[in-house]
Amino acid sequence: MDNQVKQAYEAAKALYAQHGIDTDEMLSKLAEIKVSVHCWQGDDVKGFLNQDGELTGGISVTGQYPGAATNPAELRADLEQAFALIPGKHKVNLHAIYADTDEQVELDQIEPRHYENWVKWAKEHGLGLDFNPTCFSHEKSSDGFTLSHPDPEIRQFWIDHCKASRRIGAYFGEQLGQTCVTNVWIPDGFKDNPVDRMSPRKRLKESLDEVFAEPLNKEHNLDAVESKLFGLGSEAYVVGSHEFYMGYGLQNDTLICLDAGHFHPTEVISGKLSSLALFTSGILLHVSRPMRWDSDHVVIMDDELLEIARELVRHELLGTTHIGLDFFDASINRVAAWVVGTRNTIKALLRAMLEPVDELKQAELEGDYTTRLALTEEFKSYPFGAVWDYYCAQQGVPVREQWIKEVKSYEQDVLLQRTESLYKLA
C-alpha cells in the first residue's frame, strides 16, 4: 500500500475517533455490503434472446459509443474488468433476455439450464446473481400490456414467464449460496387518459397472485415488485403504480422496489425509506439518476444518493435492504459507467457511516438543533476521501482516478477490437 495513502488514513482515523467513529470497523461493515450491478449497462438492454428486436416498454438508450458486448462471453469479460476496479464482492443483476444458450427458447419456456454458464461464472468469481423477468421488447408486449393484458392468452404467456423466472431465481440462490432477488416490473399503461383505471389493476393483481402462488425457499429467492410513475408511451396511466405495488407488497409480503427514477421529478425515494421499513420485511432499491424523466443516468455523488445512504445507515436498514443499480448510457465507455456508478454508491454508504449518527440523534432528541446543524455541516468537510482511498487500496483496486487508465487500456485492447470486427463483418 502506498505510504501516503496510509498516512492520510491514519490522520483521518484519529480525527473520526474523536467522535467515537471507528473507521476500521466501518470498513469491515462496508466490505460486507453487496451491490447488485445491472448487466444491461454493458449492451444497451439488447440481451441475447432477441437481439434484432426493438427496445420497447418506455425504455430508451442513447449514444453510439463503441464496444458494446454482443454475446454473453463479452458481457462477462466486461463485468470482470469492472469488478476489478470496484472494491468489495458484489452481485450481478440479470434480465431474462440475457440467457446464454444456443437454443431458440421463448420467454415462457426459460429454465435454469439456459443460464448455467452464468452460474458457473458467478461461482468462479464469488459473485451472487439477481434476476428479472423481461416483460418488454417482445411481440406479445407490442401494445403496451403484459400481466394486465385484456387478452387471457397473452396475459397467461407473461404469467408463465414470471413463474419460470422465479424458479430460475431460486436456482441461482440455491447454487450460489446467496439469496437471489427476483424483481417483477412491467411497462403496462396508456399514453392518453383511460376511462377504466380499475380493471387493468384487477387483472394485474390476479396475475401476480398466480405468479407468486408457488412457494419457494426464501433463503434462495425473494420476490420483489417495482412501480413506475410514467414512461414513454404510458404518460397518462401506469397500471403498476407505487400505491398499487405498495399495497400488494404489504399484503403479500413481497419486497417493494423503490427505483430512484420512477417517481415525479421533484419526488425522492430517500424520504420513503423510514416509513416503508416500519411495515415491510425488506426493501429493494434501484439506484439511478433521473434527469427530466426516468432517463436512468449514471449514478453520481449527488444529494439524493447521499440521502439514500444516510437513511440506510442512520436507521440500520442495510441488513434488510437490497441495493441494485439501474442505469444505461451508450454515450460513454460502458465499463466506466459501471465503475463510476458502483464506486459512487459504495462511497456514499461510507460517507454515511462516517457521520456521528448517535451524537446527532442525541442533540436532536434534546432539542439542540444548533449542534445538529453545525455538526452536520462540519462533517461535510471531514476527510472521508482518505478513508475511501485506504479502503480501495485495502481491497486491491485502484485508488482515486487511477482506474481510468485501466479502462482506457481495456478499451484499446478489447472494446475497439469488437467494433473493428463488426465493420469487417459488414
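The structure displayed is predicted, hence computed values, not measured ones. Numbers here are sequence positions counted from 1.
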Heavy-atom check, side chain of Leu229 versus side chain of Val238, under 4.5 Å | no
Between Val184 and Pro133, what is the shortest heavy-atom contact and its length?
-> CG2-CG, 4.0 Å
Run the salt-bridge test on Asp389 and Arg400 with the 4.0 Å N-O cut-off and return the result as yes or no.
-> yes
What do you reckon, are the aromatic ring centroids of Phe263 and His242 less than 6.0 Å apart?
-> yes
Of all the heavy-atom pairs spanning Ala99 and Pro72, show the shortest one and how long it is.
-> O-CG, 4.3 Å
Looking at CD1 of Ile159 and CD1 of Ile154, how far apart are the two atoms once the value is rounded to the nearest 0.5 Å?
-> 12.0 Å
Check whether any side-chain heavy atom of Leu107 lies under 4.5 Å from a side-chain heavy atom of Phe157, and answer yes or no.
-> yes
State plainly whether the residues Glu304 and Arg289 are in salt-bridge range, i.e. N to O under 4.0 Å.
-> no
Report yes if some heavy atom in the side chain of Val287 is under 4.5 Å from a heavy atom in the side chain of Leu305; otherwise report no.
-> yes
Give me the one residue out of Glu116, Arg166, Arg113 that meets side-chain hydrogen bond (donor to acceptor under 3.5 Å, both in side chains) with Tyr171.
-> Glu116
Any side-chain heavy-atom pair of Leu285 and Cys257 under 4.5 Å = no
Indicate, with yes or no, if the rings of His286 and Trp185 have centres closer together than 6.0 Å.
-> no
Ring centres under 6.0 angstrom apart (Tyr382, Phe379) = yes
Under 4.0 Å between a Lys/Arg side-chain N and an Asp/Glu carboxylate O for Glu80 and Arg76?
-> no
Can a cation-pi geometry be assigned to Lys191 and Phe230, taking NZ or CZ under 6.0 Å from the six-membered ring centre and within 45° of the ring axis?
-> no
Salt bridge flag under 4.0 Å for residues Glu311 and Lys272 | no
Nearest heavy-atom contact between Ile256 and Ile283 is O-CG2, 3.6 Å
Looking at His95 versus Phe48, is the centre-to-centre ring distance below 6.0 Å?
-> no
Parallel, tilted or perpendicular: ring planes of His38 versus Trp40, cut at 30 and 60 degrees = perpendicular
Is any side-chain heavy atom of His114 closer than 4.5 Å to a side-chain heavy atom of Gln109?
-> no
Step by step, work out the side chain to side chain donor-acceptor pair (under 3.5 Å) result for Asp24 and Tyr9.
-> CA-CA 10 Å; Asp24 289 337; Tyr9 173 72; 2.4 Å; yes
Heavy-atom pair with the smallest gap, counting every atom of Cys180 and Phe131 = SG-N, 3.6 Å
Given Asp143 and His149, is the side chain to side chain donor-acceptor pair (under 3.5 Å) satisfied, shown in steps?
-> CA-CA 9 Å; Asp143 61 357; His149 205 288; 2.7 Å; yes
Nearest-0.5 Å distance, CG of residue Asp253 to OG1 of residue Thr280 | 8.5 Å
Ion pair Lys29/Glu32, N-O distance below 4.0 Å = no
Does Phe384 have its ring centroid less than 6.0 Å away from the ring centroid of Tyr391?
-> no
Going by heavy atoms in the side chains, are Leu208 and Leu204 under 4.5 Å from each other?
-> yes
Check His161 against Cys135 and note the closest heavy-atom contact, atom names and distance.
-> CD2-SG, 4.2 Å
Euclidean distance, Asp326 CG relative to Asp296 CG, rounded to 0.5 Å | 4.5 Å
Please work out which of the three classes, parallel, tilted or perpendicular, describes the rings of Trp121 and His125, given edges at 30° and 60°.
-> tilted
For Tyr16 and Leu354, work out which heavy atoms get closest and say how close.
-> CE2-O, 3.2 Å
